[in-house]
Structures are given as C-alpha cells and as structure tokens.
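Heavy atoms only: backbone and side chains are in, while hydrogens, waters and symmetry mates are out. Note that the structure is a prediction, hence the values are computed from the model and not measured. Residue numbers begin at 1 in each chain, while the letters A, B, ... track the order of the sequences.
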Protein chains: 2
Amino acid sequence: MDLHSIKVACTSCNLRELCLPMGLAPPEMEQLDHLITNRRRVRRGAALFAAGDPFTSLYAVRSGFFKTSVTTADGRDQVTGFQMAGEILGLDGIVQDKHACSAIALEDAEVCVLPFDKLEQLSREFSALQHHVHRIMSREIVRDQGVMLLLGSMRAEERLAAFLLNLVQRLHARGFSKSEMVLRMTREEIGSYLGMKLETVSRTFSRFQEDGIIEVKQRYVRILDPNALNALVNHAHTGGTDRVD
Amino acid sequence: MDLHSIKVACTSCNLRELCLPMGLAPPEMEQLDHLITNRRRVRRGAALFAAGDPFTSLYAVRSGFFKTSVTTADGRDQVTGFQMAGEILGLDGIVQDKHACSAIALEDAEVCVLPFDKLEQLSREFSALQHHVHRIMSREIVRDQGVMLLLGSMRAEERLAAFLLNLVQRLHARGFSKSEMVLRMTREEIGSYLGMKLETVSRTFSRFQEDGIIEVKQRYVRILDPNALNALVNHAHTGGTDRVD
DNA sequence: CGGAACATTGAGAGGGATCAATGGACGTGG
DNA sequence: CCACGTCCATTGATCCCTCTCAATGTTCCG
C-alpha cells in the first residue's frame, strides 16, 4: 500500500498533544488535516532538505530522528539540533525562501509535509493556529538561546549532562523511559552539537560511568543518578563556593 | 514635550527599510502606524524587559543599543545578542507568555512598542505583514544558528573576527562607516557573547592590532585589513595548509 | 570472515582560563 | 581644576581542560 494513502489525520494522531495541533480545538484540527495531504519518508542518512534548497514547507516529524546542521564555506559544520517525533523542522527556511541548514535523518523517518503558504492562509482564518505557529517559532528561539548558554558558558561535563537530561526528558514526554535511552547519533555528532571533539565526548561518558552517574555501552545510556547530572548543570564551578541557596 | 506625543510614523521613519515595515505597501504601513501608539525610552543600564517578565509586546529599536542575555539558576549568564536600530526584541516571550531573556540598554535608547495581540490581529488581515512577522522570527532562528556555529566550532580569533565583521556590517547598513566603530559593550560582554573570558578578548584585540589587522583604542575600533578578518572566519585552521586562494 | 564505521583509551601539546597587577578613562565632589 | 574612586582595559605568569595524534577495540553488515 502506498504510504501517502495511509490517512493518519491530526485528529487521530497519537502525537497531537506534542505536535502542531497541540491545544487546538477540534474544528481547527480538522482544517489542519486538510492541509496535511502529503507525507514523506526519509531513509536513514538521507536529507529531508539541504542548505540552499528552496523553502516550501515545514515538516512535522512523525517518526524517526533527525539532526540539523549548518556548514561554513571551509567545510566545518555544526549540528544545531536533534529532532524527534512531534517536533517541527524547516523554520530556518522562511526568511530567505531557502533552507539555511540541512536536516538529515539519523534513522528511517517519516514526516508530515506542511505547505507553508497554506499554513499561513489557514493561520489567517484561525487565530489559535496563528498563535500556535508563533509559539512554535518562539520556542525554537528560546531553545537556541539555551544552546548558546550551553556552548558559551559550560564545560564539557556540564554540556554532556545537560544534553543527556534534555534528551531523556523529551523521550520521556513521548512515553519512553525516564532513565534509559539508545542514542541515535554518533559521538562525533554529539560533539559537534556540544562544541567538543568526539574523543572528549567519549571520555566524558566514561568518566560519568566511573563516577556511577550513568551506565554506558556504546549507544545505550542509562541514567543512574539524575541528581548528579542536574547538579552538574546547575552549579557553578568557579571559586568553590557552591552554595545551594 | 512628552516623548509619547512625538509622532514618528512608520511611514516617515528613516528606519522603515530595515525595521518591521520593510517591504510593506503603503496601506499596510499605515495600519502599522495605528498599532504603534506607544514609544518607550530606556536609560543606559536599564532593562527593557527582564527574564520572567510577562510578555505583552515586541519592541523595535528606534535608537540606542541593547544586549540580550539569559541567566542560569547559579548566576552564570550568557549574552545572546546585541541589537541596534531597526532590530526587533522580545520574540523569546511568545512561547511562555513571559520573557526568557533580559534586554538591557547599553546606551540610552528608544523603542517602538508593538502590542503582540494587536500585531497578530493585523497580520490576520494583511498577509504581507503576516509573512513579514514570520520572516523576522525565522531570521532570528537563522542568526542563532550562526551564533551556535561560532560558539561550537571557532577559535577565539575567528570568533572575534566574525563578531567585528558582523557588527561593522550592520552599522554600515545603517549609514555608519564601513571600517570604524565605537563599541557599545564592554570586553566582558563581548566575551560572554563569544564564549570567552574578557582577558582573552582583550588579548585577541591586541594581537589583531600587532598584526596590523585593526586599530584599537579602548572602545574605538578601526578595521585596517578586512580581508584578513574574512580570512580568519572563512578558512579552517586544521592541518596547517592555510592557503589563501 | 573481513572490512568499514564507530567507540574507547592513552600520551602529549596547546589555547584559553585563571590569578594578579597595572594603567586609562570618566565622573563626582572638594 | 585637581584629587579621588570606580569601572574598564591591558598585560604577564601559570595552570589545566580540551584538542590532537595515535593505537586498539567493538559492532555491524556484506
């Protein structure tokens, strides 16, 4: 059976509480269903879109896992995020009518295609949808600020701790374990995201394991002491006056 | 005379080509004028808004200079951007109905207040305005990705070079010199933005000066060799094959 | 079974942080 | 107008976290 004929409407989608229709009333959600006529499958390693591609649509991840990355002229690239089910890709393309980053599937994935002109049209009719689109873009801006904080002011241990906590929290919101996960990305991709080299990522994983904070076996990670991870993220390490007041 | 009574409409504002009304047709711009009934002055050192403040409006910088920063529980903070005339502040507040970062004036400033509910209402009527709001948010997302690239994959010299080029380019777009500027922020604020310590910022400035790339005297900076700065930003420094072709 | 991709670990080097002192710029008040 | 304090910038010396280079181990798949 053709994938595109599998009708999974927003109204009946199990991601509706996380995804674009979040908080919308039934009539608005039905309108969204009309907008999403098209689904797209992306194989592991393939690009949903690449930097420079013309922008036409946003994408809602239905299943699978993505990374987004930007590349400089001289070939360096920086992973700017990892996206899982219910998250929206492609917001970077609006301003220039072409994508500023690339989105690569880290495992076989499926996305709902949201033609942006139609989405704008519908947002003009439904103020709840309009506001929701604004919230999604604002959320991305706030997320980016968090990454800047991480990259600009944290040391390697803190970065990796924050990364693991963020990841497991998002997975937990999707019904997965609160303490276990299988990473979909390589050490190098984690390192690129966190602004450190893959060896440093690996070493930091090992140190966490030695300290009994996590259990790591390649891509598998289990958080044994979430408080220790939280402490790493939330406490400054300058001066030694680690007061918790 | 009261500041608020000084009517400077978008239609006659000298920033209209850079600011929110950019590219809008005259009738839409007039509608914007009705929306912006209120101006606000912010003294040097004062906050336009602080993290946690309830979100009501976006702000368009009319004059002056701002920094935005986020703060962690343990008191570390990270400057996430510097904003000058024509740039929009406050997009971070939409998602949670409260601001996620603080905006501090680095010199006496004046902003146009854009009540967000009214802006949403107006964008439902005018699709050009609607799209423009989306472009502004997308632009911020793309800018943030650039900062991540800078923080995640550049060394100190490259960061400062990119910073200076970005700043002078934005100033030039506002009619200032292409090669000279007076920095409105301290070394510490630059350092926070670029993820380095103030001493490193200062040392890097000095090195650039020794190399004849720039001339620095405290806050005054003159770019003597823009190509050298560009080369720093665009060429990888791994392997030692620093060809300048 | 062999190869490719990925992860781990070690040794050594270096870039930026840290600690510390000095020097300018600017504003305020005598 | 100068003295003084404050804030900011510069510069030096030293340390250490992370990078780099390199070798080995593991997993997966043709």
Side-chain angles (χ1 to χ4, degrees), chain A residues 43-45 67 76 78-79 104 106-108 150-161 163-164 182-211 214-221 232 236-241, chain B residues 43-45 67 76 78-79 104 106-108 150-161 163-164 182-211 214-221 232 236-241:
Chain A
R43 299 220 162 274
R44 177 190 152 116
K67 68 168 176 180
R76 273 180 295 193
Q78 169 75 24
V79 172
I104 310 288
L106 295 184
E107 59 181 8
D108 289 356
L150 183 146
L151 289 172
S153 73
M154 291 185 179
R155 32 188 52 254
E157 284 190 349
E158 301 169 317
R159 294 182 196 189
L160 190 62
F163 170 73
L164 290 175
V182 175
L183 302 175
R184 303 266 103 109
M185 69 294 279
T186 67
R187 298 292 189 258
E188 184 165 23
E189 286 160 341
I190 296 172
S192 173
Y193 180 61
L194 298 178
M196 48 207 256
K197 293 289 145 184
L198 70 94
E199 295 95 328
T200 307
V201 175
S202 184
R203 271 186 252 273
T204 308
F205 269 123
S206 300
R207 197 171 330 134
F208 283 174
Q209 178 156 248
E210 284 164 31
D211 296 349
I214 64 175
E215 186 191 329
V216 203
K217 184 92 189 286
Q218 307 280 123
R219 302 277 179 109
Y220 169 84
V221 176
L232 275 174
H237 289 266
T238 51
T241 56
Chain B
R43 297 219 162 278
R44 177 191 151 114
K67 69 167 175 182
R76 272 180 296 192
Q78 169 75 23
V79 172
I104 310 287
L106 296 183
E107 60 181 8
D108 289 356
L150 183 145
L151 289 172
S153 73
M154 291 187 180
R155 32 194 40 256
E157 285 190 348
E158 301 169 317
R159 293 181 197 191
L160 191 61
F163 170 73
L164 290 175
V182 175
L183 303 174
R184 301 270 109 107
M185 69 295 279
T186 66
R187 299 291 189 259
E188 184 166 24
E189 286 161 340
I190 296 172
S192 173
Y193 181 60
L194 299 179
M196 47 207 257
K197 292 290 146 184
L198 69 93
E199 295 94 328
T200 307
V201 175
S202 184
R203 271 187 252 274
T204 309
F205 268 124
S206 300
R207 197 171 330 132
F208 283 175
Q209 179 157 246
E210 283 163 31
D211 296 349
I214 64 175
E215 185 191 329
V216 203
K217 184 90 188 287
Q218 306 281 123
R219 302 278 178 107
Y220 169 84
V221 177
L232 275 174
H237 290 266
T238 51
T241 55

Item to complete: Look at the side chain of B:Arg159 and the backbone N and O of B:Leu194, then say whether any donor-acceptor pair between them is shorter than 3.5 Å.
Response: yes

Practice prompt. Could you check whether A:Arg219 gets within reach of a base, just the sugar-phosphate, or nothing at all, counting any heavy atom under 4.0 Å?
Written response: sugar-phosphate

Discussion item. Angle between the end axes of the helix from C:dC1-D:dG30 to C:dG30-D:dC1, five pairs per end, to the nearest 10 degrees?
Written reply: 30°

Worksheet item: Residues from residues 183-197 of chain A sitting under 4.0 Å of DNA chain D, heavy atoms only?
Response: A:Gly195, A:Met196, A:Lys197

Discussion item. Whether the side chain of A:Thr204 engages the backbone of A:Thr200 through a donor-acceptor N/O pair (distance < 3.5 Å, no angle test) should be reported.
Written reply: yes

Worksheet entry | Within 6.0 angstrom of B:Arg219 CZ, more than 12 heavy atoms from elsewhere | yes

Worksheet item: Is a side-chain N or O of A:Arg187 found less than 3.5 angstrom from the main chain of A:Gln218, in a donor-acceptor match?
Response: yes

Discussion item. Without decimals, in angstroms, what is the distance between A:Gln209 CD and C:dT8 P?
Written reply: 9 Å

Discussion item. Does C:dT8 have its OP1 or OP2 closer than 4.0 Å to a side-chain nitrogen or oxygen of A:Ser202?
Written reply: yes

Worksheet item: Taking OP1 and OP2 of C:dG15, is either one under 4.0 Å from a side-chain nitrogen or oxygen of B:Thr200?
Response: no

Worksheet item: From the list C:dG16, C:dA25, C:dT18, which nucleotide is the closest neighbour of the side chain of B:Arg203?
Response: C:dT18

Discussion item. Between P on C:dT8 and CG on A:Leu198, what's the gap in Å once rounded to a whole number?
Written reply: 10 Å

Fill in: A:Gln78 side chain vs A:Ser192 backbone, donor-acceptor pair below 3.5 Å
yes

Practice prompt. For A:Glu199, look at atom CD and say whether over 12 heavy atoms of other residues, nucleotides or ligands are found less than 6.0 Å away.
Written response: yes

Practice prompt. Give a yes/no answer on whether the side chain of B:Lys217 brings an N or O atom under 4.0 Å of OP1 or OP2 in D:dT10.
Written response: no

Worksheet item: For DNA chain D, whose closest nucleotide is more 5', that of A:Met154 or that of A:Gln218?
Response: A:Met154

Worksheet, complete the sentence: DNA chain D nearest-nucleotide lookup for A:Val201 and B:Glu210: closer to the 5′ end is B:Glu210

Item to complete: Can you tell me the distance, in whole Å, between the CD atom of B:Glu199 and the P atom of C:dC19?
Response: 10 Å

Item to complete: Not counting sequence neighbours, which residues clear salt bridge (charged side-chain N to carboxylate O under 4.0 Å, His left out) with A:Glu189? List them please.
Response: A:Lys67

